[in-house]
Number of protein chains: 2
Amino acid sequence: MAKTKLHRLGDLQLRIMQVLWDRGEATVAEVHDLLGARPRLAYTTVATMLRKMEVRGLVAHRTEGRTFVYRAAVAAERVSGNMAEHVLDRLFQGSLATMVNHLLTAREVSPDELAKLETLIAERKRAS
Amino acid sequence: MAKTKLHRLGDLQLRIMQVLWDRGEATVAEVHDLLGARPRLAYTTVATMLRKMEVRGLVAHRTEGRTFVYRAAVAAERVSGNMAEHVLDRLFQGSLATMVNHLLTAREVSPDELAKLETLIAERKRAS
DNA sequence: GTTGACAAACTACCACGGTAGTATTATCAA
DNA sequence: TTGATAATACTACCGTGGTAGTTTGTCAAC
């Protein structure tokens, strides 16, 4: 399996992956529907993108009748992890604290989120 | 000034920005040296990239004699913020806790980092 | 003055994300 | 049998990141 650079997926590709991760499997038509962007994409755009993504190893398909049923070929965790780590390393020199600091000041974070974060950190401290 | 999409900067562009953020100003030769990648990039590659980046409004330059002295034209915080938020929204549905969870499990985090994180969260809680 | 070094400008390519039209083919209904 | 429908396949195009060679201009040293 080629060293598929998992960071650097385009926006459309990410949105498609999201659909597949959510649904498990989906036909081109289903992906097309579920994307539902403002200037609705052409059906063929989605089909082409899926084909390109299959070449890159991001998705795979099985055939049902004459319809392709696509599924994700890489786990959401791997992609999320890779992209998040990439940003962390390139932009924040690997410092999670710096990154979180930026994000905390840049946007509203609900008390609920804060509580969850607190628990996470506490758990991590205990484990080390 | 065009709506410079600040998320989606390539790797080389980010590394160049990093140099400029660090140094304030730098000539092409200096940037070229400071990048110091394994298969060393050609001087002209860096020069070309800087010119392209100037068109996009990422950097600017002044002339000193006949050499260009470049500087960043966008703040590190804006770029970091944009890219981090983009990943957060696209990959973690905006949940900071989810993102941090991934990053905590994916890599070693020093006790020092954990302590800083704890402080950040605590401060944030108090402020809300 | 001619030469050599260096800087920028220009030009050229490739890869790939994104977008979509056209062509082909398989299937089903009238 | 014919025609409509719907699916994939093929092709094409643009923008831009990345990479670098070639050309041109200029300054300094000989």
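None of these values were measured; they are calculated from a predicted model. What's counted below: heavy atoms across the whole structure, side chains too, no hydrogens, waters or symmetry copies. Here is the naming used below: chain letters follow the sequence lines, and residue numbers restart at 1 for every chain.
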> Between the side chains of A:Asp112 and A:Lys116, is the shortest nitrogen-to-carboxylate-oxygen separation below 4.0 Å, so that they form an ion pair?
yes
> Using side-chain heavy atoms (C-beta onward) and a distance below 4.5 Å, is A:Leu14 in contact with A:Met83?
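Answer yes - side chains close enough.
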> Any side-chain heavy atom of B:His61 within less than 4.5 Å of one from B:Thr63?
yes
> Roughly, in whole Å, what's the span from CZ in A:Arg15 to C1' in C:dG17?
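About 12 Å, once rounded to whole Å.
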> Which whole-number value in Å describes the distance from A:Met49 CE to D:dC14 C1'?
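So the two atoms are 15 Å apart, to the nearest Å.
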> Between P on C:dG17 and NE2 on A:His7, what's the gap in Å once rounded to a whole number?
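A:His7 atom NE2 is separated from C:dG17 atom P by 12 Å.
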> Encode nucleotides 6-12 of chain C as B, S and - characters from 5' to 3', where the letter depends on protein heavy atoms closer than 4.0 Å: B to the base, S only to sugar-phosphate, - to neither.
-SSBB--
> Any side-chain heavy atom of A:Ile16 sitting closer than 4.5 Å to one from A:Met49?
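Yes, side chains in contact.
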> Any side-chain heavy atom of A:Arg40 within less than 4.5 Å of one from A:Asp33?
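Yes; the side chains approach each other to less than 4.5 Å.
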> Quick test of your reading of the model: are A:Asp11 and B:Lys5 salt-bridged, counting only N-O distances below 4.0 Å?
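Judged by the 4.0 Å cut-off on N to carboxylate O distance, A:Asp11 and B:Lys5 do not form a salt bridge.
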> State, yes or no, whether a side-chain contact exists between B:Arg62 and B:Arg71 at a heavy-atom distance under 4.5 Å.
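Yes. Closest side-chain heavy atoms under 4.5 Å.
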> Would you indicate what B:Leu9 reaches in the nucleic acid, counting non-hydrogen atoms under 4.0 angstrom: base, sugar-phosphate, or nothing?
nothing
> How many whole angstroms separate atom NZ of B:Lys5 from atom P of D:dG17?
10 Å
> Give me the bend of the helix from C:dG1-D:dC30 to C:dA30-D:dT1, using the axes of the five pairs at each end, rounded to 10°.
30°
> In whole angstroms, how far is the P atom of D:dC27 from the CD atom of B:Glu64?
14 Å
> Determine whether the side chains of A:Ser95 and B:Glu113 contain a donor N or O and an acceptor N or O closer than 3.5 Å.
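Looking only at side-chain atoms, B:Glu113 and A:Ser95 do form a donor-acceptor pair, the distance falling under 3.5 Å.
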> Whole angstrom is fine here: how far is it from CG in B:Leu50 over to P in D:dG18?
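Going from CG in B:Leu50 over to P in D:dG18 covers 12 Å.
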> By nearest nucleotide on DNA chain C, pick out whichever of A:Gly65 and A:Pro39 is the more 5' one.
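Its nearest nucleotide being more 5', the pick is A:Pro39.
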> Reading DNA chain D from 5' onward, which residue's closest nucleotide shows up sooner: A:Thr27 or B:Leu14?
A:Thr27
> For a quick test of reading the model: is some side-chain N or O of A:Arg8 closer than 4.0 Å to OP1 or OP2 of C:dC16?
no
> Whole angstrom is fine here: how far is it from CG in A:Leu58 over to P in C:dC16?
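It is 12 Å, rounded to the nearest whole Å.
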> Measure from CD on A:Gln13 to C1' on C:dC16 and round the result to the nearest Å.
9 Å
> A side-chain contact here means heavy atoms from C-beta on lying under 4.5 Å apart; do B:Met17 and B:Val59 qualify?
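Sidechains of B:Val59 and B:Met17: in contact.
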